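What follows is a single structure, written as structure tokens, with notes after it.
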Amino acid sequence: MDSSMLVKEKKERKYELPALEDANSKIVMRIAPGPSGPLHIGHTRVSVLNDEYVKRYGGKLILRMEDTNPEKIDPDAYRMIPEDLDWLGVRIDETYIQSDRFEIYYDHVRRLIEMGKAYICTCNGDDWRGLKEKGEACPCRELPVEVQLERYDRLLSGGYGEGEAVAVVKTDLKHPNPAVRDFVALRIVYHPHPLLGEKYCAYPMMNLSVAIDDHLMGMTHVIRGKDHLNNTNRQEYIFDYFGWKKPNYYHYGLVNIPDSVLKTSIIKQCIRDGEYSGWDDVRTGTVRALERRGIRPEAIRRYWVESGMKSVDIQFSWDNLYGMNRDIIDETSNRYFFVQDPVRYDISGAEKICGFAPLHPDRPERGTRKYTIEGSNTVFISADDSKIFADVKEIRLKDLCNIKYGTPAAYDGNDVSILKTGVRAVQWVCRGSIPATILMPDGTTLEGLAEDSVLKEKNDTVQFERVGFVRLEKVTPEKVETVFTHR
RNA sequence: GCUCCUGUAGUGUAGCGGCCAAUCAUGAAGCCCUCUCGAGGCUUCGACUCGGGUUCAAAUCCCGACGGGAGCACCA
């Protein structure tokens, strides 16, 4: 027996999404956001899952803009959503906009009415719901098809005011689950649509348009949040009435995302009020904000792949995402010194002091930052480190020299082994350093100085040693503006 | 109220009848290493919601309780 077999070996787990049923190279899947704003972290789950499967099986991914509620549309979203998906690395094969397809929905409703599977209801909404609750039909439901069609034409042509009539799909009024009994398919809206203007007044509800589009676009697999479970049940009625083959449905659990603002309406309001800087404000959970903070799309992808597709509700963990992101950016991010709330020290006892430090400690081949200070030998260290210095009287300026406390401070050689005795190494900057800011996730800003070699940095994330990773947002010789990523 | 989904460490996940004194990641604590409080190495902490049943054997199957979530919109 091989002795190595006696050692309990450590297994590396590979993370792989579960296989889809009936999957072959012709799968068709979709991402179907409502264009009310840009995508946020919550949307990235369904985006990544669909993309992963389509790439794995070699099918087709459709982006469908579900803009059937004119009151909740932000025209910019038609542009922002594809941008966000593109940044995420999600490859879209075809794009559809539902507002282009109203005639298709109308035709299908007409056919449903002709089949006796839909009706036009002119009852008061509350009454209709009340009857449904009791499992009873409203007076409109059993009217003859000819009357329904007459009403339908009137509905489409603007003969009813808002709330005066709806087209309803029949399901089963006695269904034990009240949530799947008869549902509205079309409603009257006179609010202008950003793309259609006032061309139509009959607006499809999502259960209608989604069912029809999923069929017409040839969807084989649909992944959606568990909150749509009842909608799936409703949509299946439409599939059954037309005799269509249903896609395979998967419902993942709800994600609770703490510590960040996701609700589009709130973000929009805060932008309007000038409270937030825009859709990429770091306090929000938008894809744009994550990008701005230096989160890599690969980290987001890994996060969702590892989370899988179970229907348990989960708690989103920023720590876990940061850990994955750190794996990615640690290697690519060069190291620089940033000194928060700088305190000045001059150093006596040396003509001029030289030093150098690697751009990356694990990648010496990338080269070094070189330092020369002379004259008054002025350096700055952070207010926090200054307090420590005043307290312990001796400190090492990392990669430069050791100094003893005093005014001025005294040069004390360059023996690195002093660190073994418990003396602390602190980051510092010299004269000519660049004013720098770090925008924190809570919206506050840290101020300080960054060493000027950061001006030559090509990559957009760096690590400020002992502070954390930051994304370089705006770098000029006058000012370096950064956004905090994570420690 | 009705209906549906769901319960493995702080968080996320693996396991789906015996190989489980339960996997991996992240987190926390400690040590080593490193001129960073990063990375790397090592160690430790920490979970099968509960109660019945089926079985020689249950985290795994069944039933019940309890917990978490969603829907019952002329939003998506």
Side-chain angles (χ1 to χ4, degrees), chain A residues 10-16 32-36 66-69 71-72 98 121 124-125 128-129 132-133 135 162-168 175-181 183-189 202-203 205-207 209-210 224-234 251-256 258 264 302-308 310-324 326-327 329-331 333 335-337 355 357-358 360-363 396-402 414-420 423-427 463-469 486-487:
Chain A
K10 201 170 201 170
K11 331 171 198 171
E12 270 299 295
R13 256 197 66 211
K14 62 173 191 302
Y15 290 90
E16 193 179 39
S36 57
E66 306 209 323
D67 56 346
T68 54
N69 179 1
E71 293 171 46
K72 278 195 187 165
Q98 288 192 317
C121 177
N124 170 286
W128 177 73
R129 272 187 293 273
K132 214 168 62 156
E133 194 70 31
E162 284 190 10
E164 286 178 8
V166 284
V168 178
H175 198 288
N177 184 352
V180 301
R181 296 178 194 156
F183 60 89
V184 176
L186 292 172
R187 60 173 179 149
I188 310 283
V189 181
Y203 278 78
M205 305 296 290
M206 76 141 190
N207 282 310
S209 51
V210 166
R224 46 184 10 187
K226 213 167 74 167
D227 51 327
H228 284 297
L229 227 30
N230 284 321
N231 288 321
T232 300
N233 292 333
R234 295 199 264 226
H251 298 91
Y252 61 78
L254 263 53
V255 188
N256 190 340
T264 315
R302 186 179 145 199
Y303 189 94
W304 293 126
V305 169
E306 291 194 13
S307 294
K310 298 201 306 187
S311 41
V312 243
D313 299 339
I314 61 172
Q315 193 69 27
F316 182 83
S317 162
W318 289 105
D319 274 344
N320 286 17
L321 178 67
Y322 293 159
M324 295 173 191
R326 193 179 296 114
D327 267 357
I329 66 171
D330 179 65
E331 189 187 315
S333 303
R335 271 51 174 174
Y336 295 97
F337 290 170
H360 194 297
D362 308 325
R363 301 276 163 200
R396 172 160 179 80
L397 301 174
K398 183 170 179 277
D399 304 308
L400 188 72
C401 67
N402 306 326
N414 189 22
D415 182 5
V416 181
S417 64
I418 193 172
L419 295 172
K420 305 276 185 206
V423 169
R424 312 189 38 158
V426 302
Q427 281 63 26
Q463 189 205 50
F464 281 154
E465 285 189 26
R466 248 168 93 238
V467 174
F469 293 91
H486 45 65
R487 285 203 75 85

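Worth saying up front: this structure is predicted, and the values here are computed from it rather than measured. Reminder, nothing fancy here: chain letters follow the sequence lines and each chain counts from 1.
For the C1' atoms, the distance from B/A14 to B/C20 is 12 Å, rounded to whole Å. B/A58 sits 11 Å from B/C19 when the P atoms are compared, rounded to a whole Å. Using atom P as the reference point in both B/U26 and B/C42, the two lie 12 Å apart (nearest Å). Across the C1' atoms, B/A22 and B/A70 are found 31 Å apart, a figure rounded to whole Å. Spacing between B/G52 and B/A57 at atom P, rounded to whole Å, works out to 15 Å. Across the C1' atoms, B/C4 and B/A21 are found 38 Å apart, a figure rounded to whole Å. Comparing B/A47 with B/G10, their C1' atoms are spaced 11 Å from each other, to the whole Å. The separation of B/G64 from B/U6, taken at their P atoms, amounts to 15 Å, rounded to a whole angstrom.
Sequence order on RNA chain B of the closest nucleotides to A/Asn233 and A/Gln98 puts A/Asn233 first from the 5' end. For A/Glu66 and A/Arg181, each mapped to the nucleotide of RNA chain B holding its nearest heavy atom, the one lying further toward the 5' end belongs to A/Arg181.
Residues that satisfy the ring-ring contact (aromatic ring centres under 6.0 Å, His included) test with A/His251, not counting sequence neighbours, are absent from this structure. Evaluation of the ring-ring contact (aromatic ring centres under 6.0 Å, His included) rule for A/Phe183 yields no partner, not counting sequence neighbours. Residues forming a salt bridge (charged side-chain N to carboxylate O under 4.0 Å, His left out) with A/Arg363 (at least two apart in sequence, or on another chain): A/Glu331. With sequence neighbours excluded, no residue forms a ring-ring contact (aromatic ring centres under 6.0 Å, His included) with A/Trp128. Considering only residues two or more places apart in sequence or on other chains, A/Arg181 meets the side chain to side chain donor-acceptor pair (under 3.5 Å) condition with none of them. Residues meeting the salt bridge (charged side-chain N to carboxylate O under 4.0 Å, His left out) test with A/Lys72, sequence neighbours left out: none. Under the rule for a side chain to side chain donor-acceptor pair (under 3.5 Å), the partners of A/Glu465 that lie at least two apart in sequence or sit in another chain are A/Lys398, A/Gln427. Partners of A/Phe316 according to the ring-ring contact (aromatic ring centres under 6.0 Å, His included) rule, which considers only residues two or more places apart in sequence or in another chain, are A/Tyr303, A/Trp304, A/Trp318. In this view, A/Arg335 and A/Asp330 satisfy the salt bridge (charged side-chain N to carboxylate O under 4.0 Å, His left out) rule, not counting sequence neighbours.
Expressed to the nearest 0.5 Å, how far CZ of A/Arg396 lies from CD1 of A/Ile418 amounts to 8.0 Å. Note that the CD atom of A/Glu162 and the OH atom of A/Tyr203 stand 10.0 Å from one another [nearest 0.5 Å]. Here A/Arg487 contributes atom CZ and A/Phe464 contributes atom CZ; the two are 13.5 Å apart, rounded to the nearest 0.5 Å.
Separating the CG atom of A/Asp319 from the P atom of B/A28 is a distance of 7 Å, rounded to the nearest angstrom. In this structure, the OH atom of A/Tyr203 is 15 Å from the C1' atom of B/A76, given to the nearest Å. The distance between atom CE of A/Met324 and atom C1' of B/U11, rounded to the nearest whole Å, is 10 Å. Rounded to whole angstrom, the span from the CD atom of A/Glu16 across to the C1' atom of B/U13 amounts to 14 Å. Residue A/Tyr15 contributes atom OH, which lies 12 Å from atom C1' of B/U11 at whole-angstrom precision. Rounded to an integer number of Å, the gap from CH2 of A/Trp304 to C1' of B/G12 is 10 Å. Rounded to whole Å, the distance from OH on A/Tyr322 to P on B/G10 is 22 Å. If you measure from atom NZ of A/Lys310 to atom C1' of B/G15, you get 10 Å, rounded to the nearest angstrom.
A/Thr68 comes within 4.0 angstrom of sugar-phosphate atoms only, judged by non-hydrogen atoms across all strands, and of no base. Nucleic acid contact class of A/Arg302 (heavy atoms, under 4.0 Å, all strands): sugar-phosphate only. Counting non-hydrogen atoms under 4.0 angstrom, A/Asn231 reaches a base of the nucleic acid.
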* Structure fact -> In B/S/- notation (B base, S sugar-phosphate only, - none; protein heavy atoms under 4.0 Å), nucleotides 65-74 of chain B written 5' to 3' is ---BSSBBSB
* Go along nucleotides 32-41 of chain B 5' to 3' and tag each nucleotide: B for a protein heavy atom under 4.0 Å from its base, S when only backbone or sugar atoms are that close, - otherwise. => --SBBBBS--
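Taking a pair as Watson-Crick or G-U wobble with both distances under 3.5 Å, the runs of three or more consecutive pairs in RNA chain B are B:1-7 with B:66-72, B:10-12 with B:24-26, B:27-32 with B:40-45, B:49-53 with B:61-65.
The closest side-chain donor-acceptor pair between A/Asn177 and A/Asn230 falls under 3.5 angstrom.
With hydrogens and angles ignored, a donor-acceptor pair under 3.5 angstrom links the side chain of A/Asn320 to the base of B/U11.
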